[in-house]
There are 2 protein chains.
Amino acid sequence: MKYKKDKSTEEKILEAARKVFVRKGMYGARMQDIANEAGINKALLHYYFKNKQKLFEEIFMEAAGKLFPRINDIFRSEETLFIKIEQFCSEYIAVVLENPYLPLFVLNELNQDPVYFMNKLWKNDKRPDPSKFLQQIEKEEKKGLIKKISPVQLLMNLISMTVFPFVGKPMFQLNLGIDDMQFRMLMEQRKKEIPKFIIESIRK
Amino acid sequence: MKYKKDKSTEEKILEAARKVFVRKGMYGARMQDIANEAGINKALLHYYFKNKQKLFEEIFMEAAGKLFPRINDIFRSEETLFIKIEQFCSEYIAVVLENPYLPLFVLNELNQDPVYFMNKLWKNDKRPDPSKFLQQIEKEEKKGLIKKISPVQLLMNLISMTVFPFVGKPMFQLNLGIDDMQFRMLMEQRKKEIPKFIIESIRK
DNA sequence: TTTGTTTTTAACCATTTGGTTAAAATTTAA
DNA sequence: TTAAATTTTAACCAAATGGTTAAAAACAAA
């Protein structure tokens with residue numbers, strides 16, 4: 001008769017792996033560290049996950065999965081440009097506030113081998129698709145609702161302002177002398193601040 | 001009698017180390033890879049640089065050194081806010097266009113051990129000091145030259161828009177379907193685009 | 001209790017990796 | 001040319017690291 005694997009142990013491992021991988025990256029992470037962090041034997045890791053690569057991919061996909069999927073929904077919806085911008089900032093910051101180190105982790109690994117990871121991450125159908133959002137910018141400009149601006153540049157501005165503070169978190173914290181609590185508050189403010197800043201700039 | 005080390009070999013090593021470290025990070029880089037890339041024996045690495053850590057720090061400091069020092073000059077000068085914003089974007093993008101992978105490399109390593117690297121990088125006197133820039137924003141606001149805005153938020157917006165596209169380069173390229181040449185052109189445009197975008201937003 | 005199944009561990013193994021050594025090759029100054 | 005100093009290499013070593021094995025412990029069903 002069949003039994004099932006102990007879910008609590010598996011989750012303990014995943015939690016430990018998350019912590020270690022996100023902090024040290026694929027290469028810097030040591031299987032022993034993960035085992036210690038999980039409070040188990042190293043061999044038990046290989047009992048639950050065949051090897052380091054497999055375990056890493058599990059963590060990476062989970063991390064990237066949290067980061068990207070809602071974006072498409074927002075960009076492809078029928079809302080106005082301004083609403084979309086507000087939704088994007090607000091939702092993205094909310095997600096990342098709970099996992100502030102995710103963006104750097106994902107971007108960093110993405111950088112090691114862009115094509116490999118992009119294919120793993122977005123199998124054809126659910127690739128991030130900014131085309132509708134970009135067209136919408138052109139349309140609203142032609143309708144005279146916003147000033148003339150390169151859609152791609154605007155998209156970059158939006159994403160940059162939303163994501164980068166998390167990537168540069170330690171740098172900002174040390175140079176501005178702010179602690180985790182203050183950083184969190186700044187990010188909370190940014191949910192409204194960024195849309196306001198953008199809209200002030202482009203609205204006619 | 002004393003002779004001097006062969007500078008050309010040393011430079012070959014540094015160039016190889018730069019390439020490998022920036023691509024793979026401190027942990028991912030292998031001394032053998034660096035030796036191969038430089039076309040020399042592995043033992044020769046240890047003849048020129050005591051160990052991996054030392055070689056890495058050389059590369060890291062050099063990289064970070066390229067990235068940060070001019071910033072202080074700009075932020076602390078006597079120019080107007082708008083001029084400073086233009087200078088910052090223009091100069092920073094120019095530097096990074098020649099080394100597009102520097103920001104991610106530096107931010108990533110900075111993240112591993114923020115305090116350690118910050119101390120190594122900025123020994124007290126030449127720490128990045130945004131205070132004058134932040135005060136200037138408040139002043140110009142009080143003078144009625146710009147709209148009311150949180151100085152820290154504005155600073156974050158400026159830095160984010162300038163730096164992030166390079167950090168997310170592979171992501172942008174794959175999702176927008178643009179090659180290195182097109183990316184470079186976009187960044188060239190941004191030298192003017194970002195200041196324009198910001199100024200449109202904050203000027204009264 | 002007994003028996004089959006799953007979970008966990010300690011001990012071990014093979015490979016990789018940073019680093020060393022001692023000798024050979026090359027260069028420099030005389 | 002020669003002798004000292006420097007540069008380069010092949011061979012080697014010790015530690016770290018990912019991964020395996022075989023057996024013990026814990027557990028579930030009868």
For atom NZ of Lys132(A), is the number of surrounding heavy atoms from other residues, nucleotides or ligands below 6.0 Å larger than 12? yes
Decide if atom NZ of Lys19(B) counts as having more than 12 heavy atoms of other residues, nucleotides or ligands within a radius under 6.0 Å. no
Aromatic ring centroids of [X] and [Y] under 6.0 Å?
| X | Y | answer |
| --- | --- | --- |
| Phe56(A) | Phe21(A) | yes |
| Phe117(B) | Phe60(B) | yes |
| Tyr101(B) | Phe105(B) | no |

Whole angstrom is fine here: how far is it from [atom1] in [X] over to [atom2] in [N]?
| X | N | atom1 | atom2 | answer |
| --- | --- | --- | --- | --- |
| Leu44(A) | dG19(D) | CG | C1' | 14 Å |
| Glu10(A) | dT7(C) | CD | P | 10 Å |
| Asn51(B) | dA16(D) | CG | P | 15 Å |
| Lys54(A) | dG18(D) | NZ | C1' | 15 Å |
| Leu55(A) | dT17(D) | CG | P | 16 Å |
| Leu45(A) | dT9(C) | CG | C1' | 13 Å |

Compare the minimum distances between each of [options] and the side chain of [X], then state the nucleotide with the smallest one.
| X | options | result |
| --- | --- | --- |
| Asn41(A) | dT9(C), dT9(D), dT8(D) | dT9(C) |
| His46(B) | dG18(C), dG19(D), dT8(C) | dG18(C) |
| Ala43(B) | dT9(D), dA10(C), dT8(D) | dT9(D) |
| Lys52(B) | dG18(D), dT9(D), dG19(C) | dG19(C) |

If the cut-off is 4.0 Å, is Thr9(B) near the phosphate of dT7(D), judged by side-chain N/O to OP1 or OP2? no
Any side-chain N or O of Tyr47(B) less than 4.0 Å from the OP1 or OP2 oxygen of dT20(C)? no
Side-chain-base donor-acceptor pair under 3.5 Å for Lys42(B) and dG19(C): yes
Before accepting this row, confirm whether a basic side-chain N of the pair Glu62(A)/Arg18(A) lies closer than 4.0 Å to the acidic partner's carboxylate O. yes
Assess whether a salt bridge exists between Lys120(A) and Glu57(A), defined as any Lys/Arg side-chain N lying under 4.0 Å from an Asp/Glu carboxylate O. yes
Please work out whether the ring planes of Phe75(B) and Phe133(B) are parallel, tilted or perpendicular, with thresholds of 30° and 60°. parallel
Work out how much the helix from dT1(C)-dA30(D) to dA30(C)-dT1(D) bends between its end axes, five pairs an end, to the nearest 10 degrees. 10°
Can I get a per-line list of side-chain donor-acceptor pairs under 3.5 Å for residues 149-156 of chain B, giving both atom names and the distance, sequence neighbours left out?
{"residue": "Ser150(B)", "atom": "OG", "partner": "Gln153(B)", "partner atom": "N", "Å": "3.2"}
{"residue": "Gln153(B)", "atom": "OE1", "partner": "Arg190(A)", "partner atom": "NH1", "Å": "2.8"}
{"residue": "Gln153(B)", "atom": "NE2", "partner": "Leu186(A)", "partner atom": "O", "Å": "3.2"}
{"residue": "Gln153(B)", "atom": "NE2", "partner": "Gln189(A)", "partner atom": "OE1", "Å": "3.1"}

In numerical order, the residues of residues 26-34 of chain B whose heavy atoms come under 4.0 Å of DNA chain C are Ala29(B), Arg30(B), Met31(B)
